[in-house]
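Notes follow the structure.
Worth knowing before you read on, the calculation uses all heavy atoms, side chains too, and leaves out hydrogens, waters and symmetry mates. For reference, positions follow the sequence shown, starting with 1.
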Amino acid sequence: MPKYADLILTIINQSNLHLTAEDIYLQLKAQNSKVALATVYNNLKSLCEEKKITKLILPDQPDRYDRIARHDHLICRHCNAVSDLFLDDISDQLQAQLPIQISGYDLKIHYTCPKCSSKGLR
């Protein structure tokens with residue numbers, strides 16, 4: 001694995017956030033001023049293909065990257081904040097209801113986060 005891929009993987013695995021490519025680029029740029037944004041995108045693509053990280057795709061938002069761990073996501077419908085949610089795996093329940101073999105699922109629950117709720121948003 002190229003040196004940038006190792007650094008990117010470390011950044012993602014050590015973060016509790018769901019980082020964008022730009023977020024990762026800025027962290028790498030602080031460590032190595034010669035890194036290019038295209039290098040970050042290329043390495044993120046490779047890491048996703050190698051199943052070392054996952055890509056979280058949200059409508060009208062930049063893609064975000066996350067560590068490999070069985071979890072779901074809470075997404076604020078107002079500010080788009082993303083939080084991890086650890087629920088029991090429902091793969092067996094889903095499989096029992098479908099006539100085809102599933103390989104996994106990605107549950108995204110939309111809600112209003114406490115910060116937006118405190119502003120009167122619902």
Side-chain angles (χ1 to χ4, degrees):
M1 190 176 346
K3 67 177 180 172
Y4 288 123
D6 287 335
L7 293 171
I8 291 168
L9 186 59
T10 298
I11 288 169
I12 292 169
N13 284 333
Q14 291 180 350
S15 177
N16 290 327
L17 304 174
H18 299 82
L19 302 171
T20 65
E22 179 80 12
D23 296 330
I24 295 164
Y25 168 73
L26 292 173
Q27 287 190 35
L28 278 177
K29 189 84 169 159
Q31 297 173 30
N32 182 340
S33 62
K34 295 183 181 183
V35 68
L37 185 56
T39 300
V40 172
Y41 277 107
N42 290 335
N43 280 280
L44 287 169
K45 182 177 186 271
S46 295
L47 288 167
C48 285
E49 288 170 353
E50 295 167 11
K51 300 193 185 319
K52 293 184 177 180
I53 61 172
T54 60
K55 183 180 354 181
L56 180 60
I57 300 170
L58 303 173
D60 303 321
Q61 294 291 312
D63 293 340
R64 298 175 189 223
Y65 298 88
D66 203 358
R67 64 195 176 282
I68 297 291
R70 174 68 221 125
H71 66 280
D72 301 298
H73 295 99
L74 288 169
I75 302 169
C76 179
R77 60 196 308 199
H78 301 286
C79 70
N80 294 310
V82 179
S83 301
D84 288 339
L85 179 64
F86 296 91
L87 300 172
D88 291 337
D89 188 336
I90 60 171
S91 296
D92 291 340
Q93 294 168 346
L94 293 171
Q95 188 61 67
Q97 296 179 47
L98 297 169
I100 56 173
Q101 184 66 36
I102 64 168
S103 59
Y105 67 93
D106 181 19
L107 181 62
K108 297 174 189 151
I109 299 174
H110 299 272
Y111 79 124
T112 301
C113 73
K115 183 178 176 182
C116 290
S117 287
S118 72
K119 294 177 183 176
L121 300 172
R122 301 280 173 228

From OG1 (Thr54) to CZ (Arg67), nearest 0.5 Å: 9.0 Å
Quick one: do Ile57 and Ile109 end up in the same hydrophobic cluster if we chain Ile, Leu, Val, Met, Phe, Trp and Tyr together by side-chain heavy atoms under 4.5 Å apart? no
Evaluate whether atom NZ of Lys29 has more than 12 neighbouring non-hydrogen atoms of other residues, nucleotides or ligands under 6.0 angstrom away. yes
Would a hydrophobic clustering, with Ile, Leu, Val, Met, Phe, Trp and Tyr connected at side-chain separations under 4.5 Å, put Leu47 with Leu17? yes
Residues Leu9 and Lys52: closest non-hydrogen pair is CD1-O, 3.6 Å
Taking all non-hydrogen atoms of both residues into account, name the closest pair between Tyr105 and Asp72 and its distance. CE1-OD1, 3.5 Å
Above 12 or not: heavy atoms from other molecules or residues under 6.0 Å from NZ of Lys115? no
Look at the side-chain heavy atoms of Ile, Leu, Val, Met, Phe, Trp and Tyr, link any pair under 4.5 Å apart, and say whether Leu85 and Tyr111 land in one connected group. yes
Nearest heavy-atom contact between Arg122 and Thr112 is C-OG1, 3.2 Å
Does the side chain to side chain contact (heavy atoms under 4.5 Å, CB included) test come out yes or no for Ile12 and Leu44, once each step is laid out? CA-CA 10 Å; Ile12 292 169; Leu44 287 169; 3.8 Å; yes
Side chain Tyr65, main chain Cys48, donor-acceptor under 3.5 Å: no
At their closest point, which heavy atom of Ala36 faces which heavy atom of Tyr25, and how far apart are they? C-CE1, 3.8 Å
Here the gap from Gln31 atom CD to Ile11 atom CD1, rounded to the nearest 0.5 Å, amounts to 5.0 Å
Within the side chain of Gln95, is there an N or O that forms a donor-acceptor pair under 3.5 Å with the backbone of Ile100? yes
Would you say Asn32 and Tyr4 are linked by a side-chain donor-acceptor pair, where the criterion is simply a distance under 3.5 Å? yes
Say you draw a straight line from OG of Ser117 to NE2 of His78; how long is it, rounded to the nearest 0.5 Å? 7.0 Å
To the nearest 0.5 Å, what is the distance between CG on Leu19 and CD on Gln27? 6.0 Å
Stepwise side chain to side chain donor-acceptor pair (under 3.5 Å) test for Asp23 and Thr20: CA-CA 5 Å; Asp23 296 330; Thr20 65; 3.1 Å; yes
Nearest-0.5 Å distance, NE2 of residue His18 to CG of residue Asp84: 3.5 Å
For residues Leu7 and Ile53: do they belong to one hydrophobic cluster (side chain heavy atoms under 4.5 Å, members Ile, Leu, Val, Met, Phe, Trp, Tyr)? yes
Does one hydrophobic cluster hold both Leu87 and Ile102, with members joined at side-chain heavy-atom distances below 4.5 Å? yes
Atom CG in Asp106, atom CG in Asp66: separation rounded to 0.5 Å? 9.5 Å
Single hit among Leu37, Val35, Asn43, Ile8 for side chain to side chain contact (heavy atoms under 4.5 Å, CB included) with Ile24: Ile8
